[in-house]
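Here the structure is laid out as structure tokens; the discussion comes afterwards.
Every chain is numbered from 1 and lettered A, B, ... according to where its sequence line falls, protein lines coming before strand lines. Just so it is clear, the model here is predicted, and its values are computed rather than measured.
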There are 2 protein chains.
Amino acid sequence: MNQTRVTAADIAKKLNISRITVDRVLNNRGLVSEETKRRVLEMVKELGYQPNRAAKHLAKKTKCCIGVSYIFPDWFRVQIEQGIQRAFSELKDFGAEIILLNAPHSAEGQMEQIKEVLPKLDALAIDPWLPAPLSGFIDELVDGGLPVATFNIDVPTSKRLFYVGCNYIQSGRLCGELITKFSSSPGKVGIITTNDNLTHLEQRIMGFREVLSDVSDLKIIEPLKISETDERESIDLIKRFITENPELVALYHDCSNLFLSGVAIKETANVGKIKLIGMDMNDMHYQLIQENVVQAVVCQEPYFQGYLPIKLLFNYVAEGEWPEKTEVSTRLEVVIRENIQYYHNYQPMM
Amino acid sequence: MNQTRVTAADIAKKLNISRITVDRVLNNRGLVSEETKRRVLEMVKELGYQPNRAAKHLAKKTKCCIGVSYIFPDWFRVQIEQGIQRAFSELKDFGAEIILLNAPHSAEGQMEQIKEVLPKLDALAIDPWLPAPLSGFIDELVDGGLPVATFNIDVPTSKRLFYVGCNYIQSGRLCGELITKFSSSPGKVGIITTNDNLTHLEQRIMGFREVLSDVSDLKIIEPLKISETDERESIDLIKRFITENPELVALYHDCSNLFLSGVAIKETANVGKIKLIGMDMNDMHYQLIQENVVQAVVCQEPYFQGYLPIKLLFNYVAEGEWPEKTEVSTRLEVVIRENIQYYHNYQPMM
DNA sequence: CTGAAAGCGCTTACAG
DNA sequence: CTGAAAGCGCTTACAG
């Protein structure tokens, strides 16, 4: 990290050839004799030459326009967009442009919106609203020469280049461990999930069951499926679920609207008695943790989920670098009262 | 994030003046009439001009050499150095150089080593072995015109520019919360600390006590001070501590060598019965968590502690940007068995 | 107060 | 197969 700067011109001078020839070797453009090539590469090694990316993109007039399509509630979207913004500020001097596509709530709407800007795009990062109908669409784009990455939710069956997001099975396992560590036993454990039958939520529950199955004195009750739209009805369903199961010591709320379970626990006077674990951080979750209604939430680096796809796609398109992995798992973070300050309204400095 | 590129030349052309004059306004170099200045700034706003950092540093031939001085056990050092490496790879094309100073284990040694490379340095990031004797040294450097940042451990009384590292009181509080959440009560809680009387460890204990004082049925025993060098003696001390306190339900090991408490708990057949909480991640801690000897450790983003000081010092020296805060708290992260994979041998992709 | 010239380290036509 | 020329967006002397 400490050597004096070596340039392609230095190498050319040492070898008494032109810098253009050196450039041809460095970039594998061919049209160089084997002998010259060998001598250049030797000198590159000897002097520890490393190309200057700043100069490269400046000369190249790199232009790389990345579209980012997603469908998130505002509180999650904000964190994603901060990560995107960060990636942009790192890459804009190298020629990156970004088009944010805050998509409507349907697979068709999401696809339409992408099609509209398609001619401008050099790459696409997509959070697929529904994996199934988007799989074919992604394949079309890739076949048409557009690199596509998924984030937050994967479409592993598609031709996407890579995925960045949480490992859903593991997130269920982690919540399972939290509940076994927090709960007094013996007792029963409930799962509150959505009635939408989403694959990633099924994976969470699978992971959760795996961990709980090792704990003999905590029994899982059949999951309660709620609607995330009709709030009052859902709260009543959860309340009934609680009163019908007096041995309940913990609830795992695996979908959005954790506050529904929070209200149910408050209204049945079970705060602190029934441990409640959920996912992700927002103002409401912050409040519920302060009140000890929720004991912990698990976060999944939303900021990084916005940041990394942009960086990797740019490296792929503009630098020709393949991503090291096709699946990048974001960290699963345990957030409780005494570290919540690092996850709520968190503004990473850099 | 989507506008076509605007250059200083564009502004000059629009206003029928030279690009040099535009440059003078943009960089506040003076020697420009008020009227011209006003017109330039207006056009900057209108066109949404943003300077290109890559071109700037290229032309400027920026050279910014940052020294990083630290004293860490290998497993922590590796993580710090990964963060430094990342910062270097982002900044090397802009003219950054880095000198790693893996210091000997004494304040004098650390100062000597820095003095040797002092003439080369444009900035210094330092993890102070002992804050007290280094405070004056840091002030001398700053008075001599060298910006200095502290990381991992702060010297708040010095003239250092900023600090990046964990909030020690908060880390004690977080461990306190974990112990109250994990322990069966009523019972007693022990603290294992070093006999070195280090300020930051006192802060940890302070935070820990604050949280425990709210829990009436968990009582803290007077901390046990051990030597971190004589391992066998320390283990025996901890074992005696355990057997003398049969009501013990949890141990908070706040210094390095968490495994000493681990061995003591194993040898007294208390695995899982006495909850054990410690700090940081390494191979040994990984193993102890797998064995359920340790229930959780708290991490403090060592990678980021290496990365951020470099970035902020570079921005300060080479871009004239002041850090937003003088104290940046790294995240305090709860690591248990089901999310340990994200903290052990963690290789951040970017 | 203002601007023309040369250069940072690279690439892209173009000419031999 | 090899190289001279012009340019990316900026800064740094230098000349007016």
May I ask you to say what B/D93 touches in the nucleic acid, namely base, sugar-phosphate or nothing, with a heavy-atom cut-off under 4.0 Å?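 The residue B/D93 makes no contact with any strand.
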With sugar-phosphate meaning primed atoms plus P, OP1 and OP2, does B/R24 contact a base, only sugar-phosphate, or nothing at under 4.0 Å between heavy atoms? base
Let me confirm one number: the CZ-CD1 distance from B/R77 to B/I84, rounded to the nearest 0.5 Å. 10.0 Å
Spacing of [X] atom [atom1] relative to [N] atom [atom2], expressed in whole Å:
| X | N | atom1 | atom2 | value |
| --- | --- | --- | --- | --- |
| A/K92 | D/dC8 | NZ | P | 20 Å |
| A/N27 | C/dT12 | CG | P | 8 Å |
| A/R19 | D/dG7 | CZ | P | 16 Å |
| B/K56 | C/dC10 | NZ | P | 21 Å |
| A/E35 | D/dC1 | CD | P | 13 Å |
| B/Q50 | D/dC10 | CD | P | 11 Å |
| A/N16 | D/dT2 | CG | P | 13 Å |
| A/H57 | D/dC10 | NE2 | C1' | 17 Å |

Electrostatic pair A/K92:A/E97 at N-O distance under 4.0 angstrom: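 Salt bridge absent between A/K92 and A/E97.
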Taking only the side-chain heavy atoms of [X] (C-beta and beyond), determine which of [options] contains the nearest atom.
| X | options | value |
| --- | --- | --- |
| B/I20 | C/dA4, C/dT12, C/dC10 | C/dA4 |
| B/K61 | C/dC8, D/dG9, C/dC1 | C/dC8 |
| B/S33 | C/dC1, D/dG3, D/dG9 | C/dC1 |
| B/T21 | C/dG3, C/dG7, C/dC10 | C/dG3 |
| A/K60 | C/dT2, C/dT12, C/dG7 | C/dT12 |
| A/Y49 | D/dT2, D/dG3, C/dC10 | C/dC10 |

Can you tell which of A/D139, A/D127, A/D154 makes a salt bridge (charged side-chain N to carboxylate O under 4.0 Å, His left out) with A/R160? A/D154
Whether B/S18 contacts C/dG3 is assessed here as follows: a side-chain N or O lying under 4.0 Å from the phosphate OP1 or OP2. Is that the case?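 Answer yes for this pair, as a side-chain N or O of B/S18 is under 4.0 Å from OP1 or OP2.
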With a 4.0 Å cutoff (strictly under), does any side-chain N or O of B/T36 reach OP1 or OP2 of C/dC1?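 Answer no for this pair, as no side-chain N or O of B/T36 is under 4.0 Å from OP1 or OP2.
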Would A/Q300 and A/T330 count as having a side-chain donor-acceptor pair, cut-off 3.5 Å? no
Contacts of type salt bridge (Lys or Arg N to Asp or Glu O under 4.0 Å), residue B/E321, not counting sequence neighbours: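 Applying salt bridge (Lys or Arg N to Asp or Glu O under 4.0 Å) to B/E321 gives none.
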In the structure shown, which nucleotide is the Watson-Crick or G-U wobble counterpart of D/dG3, with both distances under 3.5 Å? C/dC14
Separation between the P atoms of C/dG9 and D/dT2, rounded to whole Å: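 Looking at atom P only, C/dG9 and D/dT2 are 24 Å apart.
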Evaluate the ring planes of A/Y70 and A/F151, with Trp represented by its six-membered ring, and classify them as parallel (under 30°), tilted (30 to 60°) or perpendicular (over 60°).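 Geometry flag for A/F151 against A/Y70: perpendicular rings.
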Hey, which sits more toward the 5' end of DNA chain D by its nearest nucleotide, B/N52 or A/E34? A/E34
